[in-house]
Amino acid sequence: MNPYDHDKIEKKWQKVWESKKPNKVKEDPQKKKFFALIEFPYPSGDGLHVGHIRSNTAMDIIARKRRREGYNVLYPIGWDAFGLPTENYAIKTGIQPSVVTKNNTDTFRRQLKALGFSFDWSREVNTTDPKYYKWTQWIFLQFLKKGLAYKKKLTINWCPKDLIGLANEEVIDGCCERCGTKVEQKEKEQWMLAITKYADRLDNDLDETDFLEKIKIQQRNWIGKSEGAEIEFPIKGSEKKIKVYTTRPDTLFGVTYVVLAPGHTLIDEFINKADNTIEVAQYIKTVREKDDEERTNAKTAKTGVELKGIRAINPVNNEEVPIWIADYVLADYGTGAVMAVPAHDERDFEFAKRYSLDVKQVIAPYFENTTDLALRKDLPLVEREIIHAIVKNPKTNKFLVIKWKEHNWQSFVTGGMEKGEDIVDAARREVLEESGYKNLKHINMPGSAWQVHSAFFAKHKNENRYMKARGILFELENEEKIGVSPEEQGKHDLMWIDEKEVGPFLTYENQRLVWNYLEGNSKTLYSGFGKLVNSSEFSGKDSESIKKEITQFAGGQWVTKFKLRDWIFSRQRYWGEPIPVVHCIKCGIVPIPEKNLPVELPKVKNYAPTENGESPLAAIEKWVNTKCPTCKGTAKRETDTMPNWAGSSWYYLRYADPSNKKVFADAKNLKYWTPVDWYNGGMEHTTLHLLYSRFWHKFLFDLGLVPTSEPYKKRTSHGLILAEGGEKMSKSKGNVINPDSIIKTVGADALRIHEMFMGPFDQAIAWDTNTIAGSRRFIERIWKLQEKIGTTADEKLEVVVHKTIKKVSEDIEEMKFNTAISAMMIAVNDFEKSEKISRGHYEILVQLLAPFAPHVSEELWAHLGNKTSVHASVWPMFDPKKLTESTVTMTVQVNGKMRGTIECAVYTDDATVEKMALDKPEIAKWTKDLSVKKVIIIKNKLINIVVG
RNA sequence: GCCCGAGUGGUGGAACUGGUAUACACGCACGACUUAAAAUCGUGUCCCUUACAGGAUGUGGGUUCGAUUCCCACCUCGGGCACCA
């Protein structure tokens, strides 16, 4: 037998596949289809990344398995080739981007072919091909027609190095995603796509998909759906009203001021009427000068200014409240104005504290006992008001607490209020009665006297109690005290403890909340739901369920809002699809007629953007100056191009019919192939590409151009491959792994196995070149097993083979490739131990290996005398009856500790198993002199003998 | 701060629905083959211990005959979002 020569074998079969094209597919209505998709690569100058190989191999394995299960499989590939790196390279070298792209795609194609991926190469697409981007432009015109593409002047994130406008998604920590330069703000007219019109459907329709849960969650968070109320606050002495958006209309009675975002339109109207016009103008100016990061960073202190002399009226109680302008309120979310409820919102609280604004409690936290003291249904609820007197000794900085002798609980000095009694007087009285201290100074502060409610069954009185508790803070003026009655003394012990010990000392959560209120920081204010207080007729109601009712009472409306913003679709760059419109002096914006598409990129000499931020296209007069398609008058072409997310938003549709000249894809082909059955890609594309393409797809669906409302049935994601130190791989760090050299030394099959075996597919992992040896060895051992093929009837191997079929088949479906390979390794180990192995068993091993290592499997398959491809053979099935041998090893535990094993026939009855176990000397040792209390038997697995 | 995910040998990692923790692989050690080395094959390899017995899945509790797996609290790391009212 010849030694395993990977290079010879891989080249041989790649040549065969190149000429026979086994993976080229046709639409075949007789056959069920399977559309397997990976994110088409950006052909960078660095060549193929080991990360590409990981995700491509995974999908290749799935595609190859599906073919052998009888599916008509479409597994296509293409190039997402517009983009900045190519353009920057062109700027530097003067080589045309189209030429750079051609060179890079050639390299990628060669590398992908060297790895044996089963792509249908006849369907290759390239976003920079005019025959392709003709349809990207065509789809844009449909957006324009429907009013979903529009121009808008806005301050954009501007990268001063790349000279390009960036979408919010492309700004990371205030810096350009590509080059890391600090982003600036700049006013510019931009093309927008109205993705927000689809926000609700993009959220809801996730329910229909089989995306990984974390992907759904991340998209939902990004879309940011929220329901709440829009409520109008009239401005006193004016017809104007301030409309605010709130998710907490239940806190309306706690509003102590309203806030406008600095860009709010009402400011212009009222700034001159305010008593402090200059101060307000000054504030708005400073806000405008702040950069995006400073303005939106929650950590920086909140600033603001009051519109003095102008007041808003709270519609629920006609209370007048001040109006503030503050930059912690965002102009482009909700209504650009909020009602501030500092008692129940962290941000409002922080702001109110800084500017000494009122804080008013309207929600009392509510605790209902549901266990030992649950309310009795048949009894009435008796309301009681109580106080907790919190006494501090300023000399020692300690607090007075009580340990109750009878009740087994610990608290502050506490007691009920008497009829008509003032809360502070009540608290003084309780302190006097229980401790004897007579000189107390009441400390009034926000949070003191705030209520906490609770309900429980009072056993000793046989009644249901509804308790309203308040905390009152005192400081001892001196330690003078009167004698306490012996009766009181018998009930409890008094103690003085440190501030930090108070929280843990208290038995009940409601007292702990009262205590927290007094700390007076935003961490301890209560922002949850509870019972309304200080809310006129709504007092006492449950705050969560009353939201819509209060909204109605305030004359407001229940609405839905989203965090998602419209998509900035313009780029001032060369290497992108030209936006196919002209600007005509007479007619305005006029779309290029569809029959004149594509608007091709002209060749230019200089690819650098102009200094004023225009695309380099603007400098080509011959191209820019054109005629208006409508009036034939002079017009100028739009010089903005599309972002590189455009071409990738619909590429999977083009695969269905890649060379169609009449439509972007024939309806029949789309009907057959779409939706994509399984799409694997990176988590980094969850909120950009994946969301954008779902949006485009839904739009095309609404036009009746695609058959389904969702493009992808199932979406999974791979973990990143990091460099050996755990850092990101990058050319600048010099830690990039070149697949070419690995293929040369150990072969493409070994590389594929290695990448699948290195760890769980969905988790990030650091590259380790040393361990490839194991994968290479694995292939060599299978190769050598050929020598053992002979006639044998080994029952043990039969079980091993069927177990392996089951494990490999199931693991591929769950993308657990590492354990699938380990199952095959176990089989190989068992095969090696055997004198001979049967041809049938070996064939199955080769068939299971085929999707992972397609070249060597094909070679071994041919060695076995097969005339057709292993990749066309039917996927092996396992026989459930052959998964277990006739005897099993059962674990014997005594009191849960493993003490030995027994060999017995499968499904031996429990009594026999128990006897066998107890009879074994090494088990008897542990049960001697003890009585068997219980025996637990798990069939064919385990027996646990409980003795005592 | 909020939302996901993860913490298991020297390393990557495995463990079905709660049932022998450490499969599989890398590395390492020893042995065989060899003049020698590489390659290959064999044996061993969680900790402590001569052995028996113990102990160990980030930490601390809980449920259970039995917990890597379920529950509670906490710590650490990775990813995403971050003034969205």
Side-chain angles (χ1 to χ4, degrees), chain A residues 3 173 212-222 224-226 228-229 244-248 251 259 261 295-300 302 326-330 332-341 344-348 350-351 522-523 527 561-565 683-684 686-687 719-720 722 726 753-754 757-760 762-768 770-775 777-778 780-781 784 807 810 816 818-829 832 889-901 933-948:
Chain A
D173 291 332
L212 285 184
E213 204 48 40
K214 61 175 173 181
I215 295 174
K216 291 190 191 184
I217 290 169
Q218 226 181 85
Q219 285 214 347
R220 286 214 159 98
N221 288 344
W222 188 262
K225 183 174 177 170
S226 103
V244 303
Y245 173 70
T246 178
T247 54
R248 293 297 302 272
T251 63
V259 193
R295 212 178 50 240
T296 57
N297 192 341
K299 276 176 230 144
T300 54
K302 299 175 181 16
D327 65 348
Y328 77 93
V329 172
L330 305 174
D332 54 356
Y333 179 78
T335 58
V338 303
M339 58 181 224
V341 186
H344 305 291
D345 182 278
E346 272 188 38
R347 297 150 302 183
D348 296 343
E350 198 188 310
F351 190 78
S522 60
K523 300 276 178 311
S527 58
K561 300 274 179 198
F562 299 91
K563 283 201 267 187
L564 188 71
R565 308 291 149 88
M683 275 313 281
E684 71 275 17
T686 303
T687 52
L720 287 176
L722 305 166
I753 297 270
H754 174 66
F757 185 62
M758 57 200 288
D762 59 349
Q763 263 170 53
I765 192 161
W767 183 263
D768 182 0
N770 299 324
T771 54
I772 297 186
S775 300
R777 236 171 263 160
F778 169 59
E780 282 180 10
R781 284 160 71 189
K784 282 186 199 149
K807 182 80 179 143
E810 290 172 356
K816 286 158 80 175
N818 53 336
T819 49
I821 292 169
S822 113
M824 289 189 278
M825 286 172 167
I826 292 168
V828 168
N829 288 345
E832 278 175 344
T889 306
M890 287 181 71
T891 302
V892 184
Q893 294 184 339
V894 179
N895 283 349
K897 281 206 165 32
M898 178 3 201
R899 296 301 184 194
T901 57
K933 290 193 163 161
K934 199 173 175 184
V935 175
I936 289 132
I937 293 176
I938 307 295
K939 271 274 180 263
N940 298 336
K941 264 197 183 139
L942 172 138
I943 167 167
N944 187 10
I945 301 157
V946 184
V947 293

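We use all heavy atoms of the structure for the numbers below, so side chains are in, but hydrogens, waters and symmetry mates are not. Please read all numbers here as calculations on a predicted model, not as lab measurements. The sequence lines fix the lettering, A, B, ..., with proteins before strands; numbering per chain opens at 1.
Across all strands shown, I826(A) has heavy atoms under 4.0 Å from sugar-phosphate atoms exclusively, and none from any base. Base engagement by S822(A) is indicated by at least one non-hydrogen atom pair under 4.0 Å involving a base atom. Counting any heavy atom pair closer than 4.0 Å across all strands shown, M825(A) reaches sugar-phosphate atoms only and no base atom. Nucleic acid contact class of F778(A) (heavy atoms, under 4.0 Å, all strands): none. Within the 4.0 angstrom heavy-atom criterion, no nucleotide atom of any strand lies near D768(A). K816(A) comes within 4.0 angstrom of sugar-phosphate atoms only, judged by non-hydrogen atoms across all strands, and of no base.
For the pair D345(A) (side chain) and S527(A) (backbone), a donor-acceptor distance under 3.5 Å is absent. The backbone N or O of T687(A) sits nowhere less than 3.5 Å from a side-chain atom of Q218(A) that would complete a donor-acceptor pair.
Between N818(A) and rG12(B) there is no side-chain polar atom (N or O) within less than 4.0 angstrom of OP1 or OP2. In this model, the phosphate group of rC24(B) is not approached by any side-chain N or O of K807(A) to a distance below 4.0 Å at OP1 or OP2. Here R899(A) does not reach the OP1 or OP2 of rC52(B): none of its side-chain N or O atoms lies under 4.0 Å away.
Between D768(A) and M758(A), every side-chain heavy-atom pair lies at or beyond the 4.5 Å cut-off.
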